[in-house]
Amino acid sequence: MHDLELVLQPYDNHVSEAVKTLRTNIQFSGQGIKVIMFTSSQPNEGKSVVSFASAGSFAEIGKKTLYIDADIRKSVFVRRMHPRARGGEIYGLSQYLSGQKELSECIYHTNKDNLDIILSGPTAPDPTELFEDETFSELIAYARQNYDMVVIDTAPLGSVIDAAIIARECDGAIFVVECGYVGRRFLQKTRDQLLRTGVRVLGVVLNKVSNHKGGYYGSYYYGDYEDHYLDDDR
Ligand SMILES: Nc1ncnc2c1ncn2[C@@H]1O[C@H](COP(=O)(O)OP(=O)(O)O)[C@@H](O)[C@H]1O
Ligand SMILES: [Mg+2]
């Protein structure tokens, strides 16, 4: 394990209620749920916010948690969380998957108890190919052995197939849906794409629901979102 520690700045708290419900439901989803991924149809629906908050929430209840930023194409993490490594350069997933760095050089402890992290690393020319490589399976095997929970933040399914490839290694997937942003058909199409990988879709976070004070929050629905979000004829 890397002896550097990343110091993360606090981000936002918009989704804490949804995340607590989500955590509870994941815990009741069965023993076999350890590696979970977060995806969505489109960028900006809130995958990173919700997945990172979820990882933090597992860590808070004492689960040894690994957060993997696997949206190599668009990582906002470094800009948003301002991670600082004590005494060194920060390496990430793209460098591990392309063989430039050892896994041990890319996993960081954080200033949050029980939370370790792998950042995305610099943008790579062909991330899809990197996820198909067996180094990715080896990473997941390592994570399964060494952590209680593994949370993977992925690219949106509507644009690239990275998330569908990642899904093959996961026990469950959470779909993040920004309220009123993506049309019904497109949502169904990307949902079907995810289901075809064989991954269990554990539920949906309906995100950026506006509240009466003019703010936004996220809410969590267990099960498929067909029942909750898609009834109206959008
Ligand atoms: N529940 C929420 N309330 C308000 N803003 C949110 C919420 N969830 C996400 N955001 C904002 O939406 C933007 C996109 O979120 P992000 O997690 O980066 O999306 P993605 O990872 O799906 O591209 C960010 O500016 C984030 O702060
Ligand atoms: Mg993101």
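For the single chain, residues carry numbers from 1 onward in sequence order. When a ligand or atom number is given, it counts from 1 through the structure's own listing order. Computed from a predicted structure; not experimentally measured. Atom set for the values below is all heavy atoms of this structure, side chains included, hydrogens, waters and symmetry mates excluded.
Between the side chains of Asp162 and Thr128, at least one donor N or O lies within less than 3.5 Å of an accepting N or O. Residues Ser98 and Gln100 bring a donor and an acceptor atom of their side chains to less than 3.5 Å of each other. For the residue pair Asn114 and Thr65, no side-chain donor N or O sits within less than 3.5 Å of a side-chain acceptor on the partner.
Heavy atoms from both the backbone and the side chain of Val49 come within less than 4.0 Å of ligand 1.
Using a 4.0 angstrom heavy-atom cutoff, Lys74 counts as in contact with ligand 1.
In this structure, Thr190 and Val182 have side chains that are not in contact, with every pair of non-hydrogen atoms separated by 4.5 Å or more. Looking at Leu130 and Phe136, their side chains never come closer than 4.5 Å, going by heavy atoms from C-beta outward. A 4.5 Å side-chain heavy-atom check between Leu115 and Phe52 finds at least one atom pair inside the cut-off.
Distances from atom 16 (P) of ligand 1 to the heavy atoms of Cys179, Gly46, Ala53 show the closest one on Gly46.
At least one N/O/S atom of Ser48, whether from backbone or side chain, sits less than 2.8 Å from the Mg ion (ligand 2).
Residue-to-ligand polar distances keep Ser40 apart from ligand 1: every N/O pair is separated by 3.5 Å or more. When only interatomic distances are considered, the shortest N/O to N/O separation between Gln42 and ligand 1 does not fall below 3.5 Å. At a 3.5 angstrom cut-off on N or O pairs, Pro43 does not count as close to ligand 1. Residue-to-ligand polar distances keep Asp153 apart from ligand 1: every N/O pair is separated by 3.5 Å or more.
By the 6.0 Å contact criterion, NZ on Lys20 is open, its count of non-hydrogen atoms from other residues, nucleotides or ligands being 12 or less.
Close approach of ligand 1 to Asn44 is summarised as follows: ligand atoms under 4.0 Å from at least one heavy atom of the residue are 14 (C), 19 (O), 20 (P), 22 (O), 23 (O).
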